[in-house]
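See below for the structure under consideration.
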Amino acid sequence: EKVHRKSKERAAAEKRIEDAWAKFNKVMTVPSASGAAQIGAAVEIAKAYYDLGVVRFSEFMAAVRKNAPDADKKLFREAWKQATAGQETEKLDPTDKEELSKAAREIQREMVESGMTDREQVIDAVHEALQEEIPELTRRQAMDALSRYGIFQRQSQDEIEKLIRGMNSEILKLSQI
């Protein structure tokens, strides 16, 4: 049996997330809770996720939806803005197709895991998320990043890899018959 160990920092960050959610849920059950109390509790959640290593709003929102499927996106977008104001994160390089594709596919996975299955909605969500880092990015560029259009990868010339590729190609053809 494999034992997964967590660093003290990760365990502490996860505890902050748990506590922030408990506070948020408590605030949300008070009918007279002010907007300031709600946003304050949501900002604590956003800060806790940021401390855990979440750096994109889409990734944050996917985590929020797991805890609160009907979460108010506007409330959490504002909370994310406040929590990450002044924070410097490494920006995507729009000319690096590999990096852009990797980021797009990570976002795509988050969207699908959170229940989004309509292709056009996923494309729009990925485009919106990538525009947070690259405002001039077009929807077409987001689609190209998702599909890896224009990215060519030199296949391994290792003999074993070549044999496996050939074998898998033959299996695929047999499956099509």
Side-chain angles (χ1 to χ4, degrees), residues 4-94 99-139 141-148:
H4 294 284
R5 290 189 218 162
K6 295 179 185 175
S7 69
K8 288 179 183 174
E9 293 83 9
R10 181 168 181 93
E14 288 176 354
K15 177 77 171 113
R16 280 195 304 278
I17 289 171
E18 188 181 317
D19 293 346
W21 273 111
K23 181 179 178 183
F24 179 80
N25 290 331
K26 190 174 181 182
V27 166
M28 296 308 279
T29 58
V30 177
S32 60
S34 68
Q38 291 178 359
I39 191 74
V43 168
E44 281 189 42
I45 292 170
K47 282 181 180 176
Y49 276 104
Y50 186 84
D51 289 347
L52 190 64
V54 173
V55 294
R56 287 193 182 91
F57 174 72
S58 61
E59 186 181 0
F60 168 63
M61 206 55 215
V64 166
R65 293 236 188 270
K66 285 179 183 168
N67 285 285
D70 300 325
D72 179 356
K73 190 173 180 177
K74 283 183 185 175
L75 172 72
F76 282 99
R77 181 173 290 284
E78 182 55 36
W80 183 253
K81 280 182 187 173
Q82 288 184 29
T84 59
Q87 301 288 347
E88 270 302 309
T89 55
E90 202 173 300
K91 295 286 183 198
L92 280 173
D93 177 0
E99 181 185 8
L100 193 59
S101 180
K102 184 178 180 202
R105 286 175 169 224
E106 286 172 3
I107 296 165
Q108 178 186 38
R109 174 167 290 281
E110 291 159 13
M111 296 297 125
V112 174
E113 284 177 350
S114 69
M116 191 181 289
T117 56
D118 179 75
R119 183 188 65 234
E120 295 301 313
Q121 281 184 326
V122 171
I123 293 168
D124 289 339
V126 170
H127 178 227
E128 181 183 322
L130 289 174
Q131 279 188 313
E132 290 175 20
E133 294 180 60
I134 309 169
E136 68 278 6
L137 189 83
T138 66
R139 186 174 191 275
Q141 288 170 310
M143 290 172 63
D144 288 350
L146 283 168
S147 66
R148 296 183 54 84

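Both backbone and side-chain heavy atoms feed into the values below; hydrogens, waters and symmetry mates do not.
- Two residues are said to be in side-chain contact when any heavy atoms from C-beta on lie closer than 4.5 Å; Leu100 and Ile134 meet this criterion.
- Heavy atoms only, all atoms of each residue included: Ala79 and Ile39 are closest at N-CD1, 3.6 Å.
- Atom-to-atom distance recorded for Asn67:CG and Ile45:CD1 is 7.5 Å, nearest 0.5 angstrom.
- The side-chain hydrogen bond (donor to acceptor under 3.5 Å, both in side chains) check on Glu78 picks up Gln82, with sequence neighbours excluded.
- Atom OG1 of Thr84 is separated from atom CD of Glu132 by 9.0 Å, given to the nearest 0.5 angstrom.
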Using salt bridge (charged side-chain N to carboxylate O under 4.0 Å, His left out), reason through Lys47 and Asp51 one step at a time and then give a plain yes or no. CA-CA 6 Å; Lys47 282 181 180 176; Asp51 289 347; over 6 Å; no
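- Annotation: side chain of Tyr50 is in contact with side chain of Trp80 (closest heavy-atom distance under 4.5 Å).
- Partners of Glu133 by salt bridge (charged side-chain N to carboxylate O under 4.0 Å, His left out), not counting sequence neighbours, listed by chain and number: Arg56.
- For Arg10, the salt bridge (charged side-chain N to carboxylate O under 4.0 Å, His left out) criterion is met by Glu14, not counting sequence neighbours.
- For Glu99, the side-chain contact (heavy atoms from CB on, under 4.5 Å) partners at least two apart in sequence or on another chain are Leu92, Asp93, Asp96.
- The side-chain contact (heavy atoms from CB on, under 4.5 Å) search around Arg109 returns Glu113, not counting sequence neighbours.
- Contacts of Arg139 classified as salt bridge (charged side-chain N to carboxylate O under 4.0 Å, His left out), with partners at least two apart in sequence or in another chain: Glu120, Asp124.
- The stretch residues 21-30 participates, sequence neighbours left out, in these side-chain hydrogen bond (donor to acceptor under 3.5 Å, both in side chains) pairs: Trp21-Tyr49, Lys23-Glu44.
- For Asp72, the side-chain contact (heavy atoms from CB on, under 4.5 Å) partners are Lys74, Leu75, not counting sequence neighbours.
- Under the rule for a side-chain hydrogen bond (donor to acceptor under 3.5 Å, both in side chains), Lys66 has no partner lying at least two apart in sequence or in another chain.
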Gln131 vs Glu136, side chain to side chain contact (heavy atoms under 4.5 Å, CB included): CA-CA, chis, key distance, verdict: CA-CA 7 Å; Gln131 279 188 313; Glu136 68 278 6; over 6 Å; no
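- Note: Gln141 CD to Asp144 CG = 7.5 Å, rounded to the nearest 0.5 Å.
- For Met61, the side-chain contact (heavy atoms from CB on, under 4.5 Å) partners two or more places apart in sequence, or in a different chain, are Phe57, Val64, Arg65, Ala71, Lys73, Phe76.
- Contacts of Ser147 classified as side-chain hydrogen bond (donor to acceptor under 3.5 Å, both in side chains), with partners at least two apart in sequence or in another chain: none.
- Listed for the His127 side chain is a donor-acceptor partner under 3.5 Å among the backbone atoms of Leu137.
- When atom types are taken as modelled, the side chain of Arg16 and the backbone of Ala48 share no donor-acceptor pair closer than 3.5 angstrom.
- For Glu59, there are no side-chain hydrogen bond (donor to acceptor under 3.5 Å, both in side chains) partners two or more places apart in sequence or in a different chain.
- Between Glu128 and Ser58, the closest side-chain pair of non-hydrogen atoms is not below 4.5 Å.
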